[in-house]
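Let me begin by presenting the structure, written as structure tokens, before commenting on it.
Every number for a ligand or one of its atoms is a count from 1 in the order of the listing. Here the structure is a predicted model, which is why all the values come from computation and not from measurement. Position 1 is the first residue of the sequence, and the numbers go up from there.
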Amino acid sequence: MNIVILGAPGAGKGTQADIIMEKLHLVHVATGDLFRQALAKETPLGLQAKSYMEKGLLVPDKVTINMVLERIAQPDCISGCLFDGFPRNLGQAKALDKALGEQGKAIDKAVYVMVPDEELVRRLSGRWICRSCQTPYHMVSSPPREPGKCDKCGGELYQRSDDNEKTVRERLKVFFAETVPIINYYKKQDKLAEIDGNQDISRVAKKMVEVLQAIK
Ligand code: ADP
Ligand code: AMP
């Protein structure tokens, strides 16, 4: 099974992916996490992505698509991936279809998690992330058991530098201009499911699992 989770920054894609990957045994492929890991290690990929990420812009397709193709060629991806933050424009969506098609696979479902803008801003301004395993927390809606420490791995929590108000506004603009058109792309292929993401985390997860378990 290959699934795309679509949604604006802060919609809860990473949060839901963490829950679903365990339930459905899928590999979580989050391009933002891959870029941040590369940046932390100061690899050439990370340095290429840095200036785009700081501005809230998309990293060029060539770089992003190559990174994803390398990731999905790894053996753990054989039985399926949960794509989070990718594809983010039509070029990426088509490149993903082509790559999966060459392996005799396809995207089975694209789940669009819908959340109003004011709630996105509230979520992003209170988001904390684990430096080691990337698990997201929120200081109000899903705080860690111990402040500043990841429940899962004990890693240090930090706030992303691109979760500031100015960059968040830019990222939302980019989402509406470049990513929203791919919602229609999956709709036309009859692969789109829309979920109300403006409910608590467990309700969204329940709905998401229902949708994915219904895939024939
Ligand atoms: P995305 O991966 O789509 O950018 P995240 O999963 O990182 O979003 O979630 C953004 C923030 O919102 C995090 O702080 C997370 O804990 C919080 N969050 C996620 N889902 C919900 C929800 N359903 N209700 C309230 N807060 C949520
Ligand atoms: P995210 O963690 O998904 O919010 O992504 C953080 C940043 O990484 C984005 O603002 C982009 O700069 C970059 N990025 C992540 N995924 C992609 C993608 N599919 N295409 C281009 N840039 C991306």
Ligand-side contact atoms (ligand 1) for residue partner [X], heavy atom cut-off under 4.0 Å:
| X | answer |
| --- | --- |
| Thr15 | 5 (P), 6 (O), 9 (O), 15 (C), 19 (C) |
| Asp200 | 23 (N) |
| Ile201 | 20 (N), 21 (C), 22 (C), 23 (N) |
| Tyr137 | 13 (C), 14 (O), 16 (O) |
| Ser142 | 16 (O) |
| Pro136 | 6 (O), 7 (O) |

Give the cluster check for Val211 versus Val209: same hydrophobic cluster or not, with ILVMFWY residues linked at side-chain heavy-atom distances below 4.5 Å. yes

Val27 reachable from Leu34 in the ILVMFWY side-chain graph, under 4.5 Å edges: yes

Hey, does the side chain of [X] reach the backbone of [Y] with a donor-acceptor pair shorter than 3.5 angstrom?
| X | Y | result |
| --- | --- | --- |
| Tyr186 | Leu6 | no |
| Lys109 | Ala214 | no |
| Arg88 | Gly85 | yes |
| Asn184 | Pro181 | no |
| Ser125 | Arg122 | yes |
| Gln16 | Ile201 | yes |
| Asp108 | Asn2 | yes |

To the nearest 0.1 Å, how far is [atom] from its closest protein heavy atom, and which atom is that?
| atom | result |
| --- | --- |
| atom 25 (C) of ligand 1 | Ser141 OG, 3.4 Å |
| atom 8 (O) of ligand 1 | Gly12 N, 3.2 Å |
| atom 23 (C) of ligand 2 | Phe35 CE1, 3.7 Å |
| atom 20 (N) of ligand 2 | Gln92 NE2, 2.9 Å |
| atom 7 (O) of ligand 1 | Arg127 NH1, 2.7 Å |

Atom [atom1] of [X] with >12 non-hydrogen neighbours under 6.0 angstrom:
| X | atom1 | value |
| --- | --- | --- |
| Lys50 | NZ | no |
| Gln74 | CD | yes |
| Ile78 | CD1 | no |
| Lys207 | NZ | no |

For ligand 1, indicate whether the residue [X] contacts it via side chain, backbone, both or neither (heavy-atom separation under 4.0 Å).
| X | result |
| --- | --- |
| Ile129 | neither |
| Ala8 | backbone |
| Gln16 | neither |

Counting each atom of ligand 2 from 1 as listed, which ones have a heavy atom of Arg171 under 4.0 Å away? 4 (O)

With a 3.5 Å cut-off and no angle check, do the side chains of Asp61 and Thr64 form a donor-acceptor pair? no

Under 3.5 Å side-chain donor-acceptor pair for Asn89 and Tyr185: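 No, no side-chain donor-acceptor contact under 3.5 Å.
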
Using a 4.0 Å heavy-atom cut-off, which part of Thr64 comes near ligand 2: side chain, backbone, both, or neither? side chain

At under 4.0 Å between heavy atoms, which part of Arg160 makes contact with ligand 2: side chain, backbone, both or neither? side chain

[X] N/O to ligand 2 N/O under 3.5 Å:
| X | answer |
| --- | --- |
| Val59 | yes |
| Thr31 | yes |
| Phe86 | no |
| Leu57 | yes |

With nothing but distance in play, are any N or O atoms of [X] less than 3.5 Å from an N or O of ligand 1?
| X | result |
| --- | --- |
| Ala11 | yes |
| Gly10 | yes |
| Gly14 | yes |

Relative to atom 1 (P) of ligand 2, which among Lys13, Gln134, Arg88 owns the nearest non-hydrogen atom?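 Going through Lys13, Gln134, Arg88 one by one, Arg88 has the nearest heavy atom to atom 1 (P) of ligand 2.
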
Hey, looking at atom 27 (C) of ligand 1, which of His138, Gln199, Gln159, Arg123 has the closest heavy atom? Arg123

Return yes when Met139 approaches ligand 1 closer than 4.0 angstrom through a heavy atom, no otherwise. no

So for Gly7, does at least one of its heavy atoms come nearer than 4.0 angstrom to any atom of ligand 1? no

Against Leu124, only a single residue in Asn164, Thr167, Val168 fulfils side-chain contact (heavy atoms from CB on, under 4.5 Å); can you say which?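 The passing option is Val168.
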
With a 4.0 Å cut-off on heavy atoms, is Arg36 touching ligand 2? yes

Which pair of heavy atoms, one from Ala99 and one from Leu69, lies closest together, and at what distance? CB-CD2, 3.4 Å

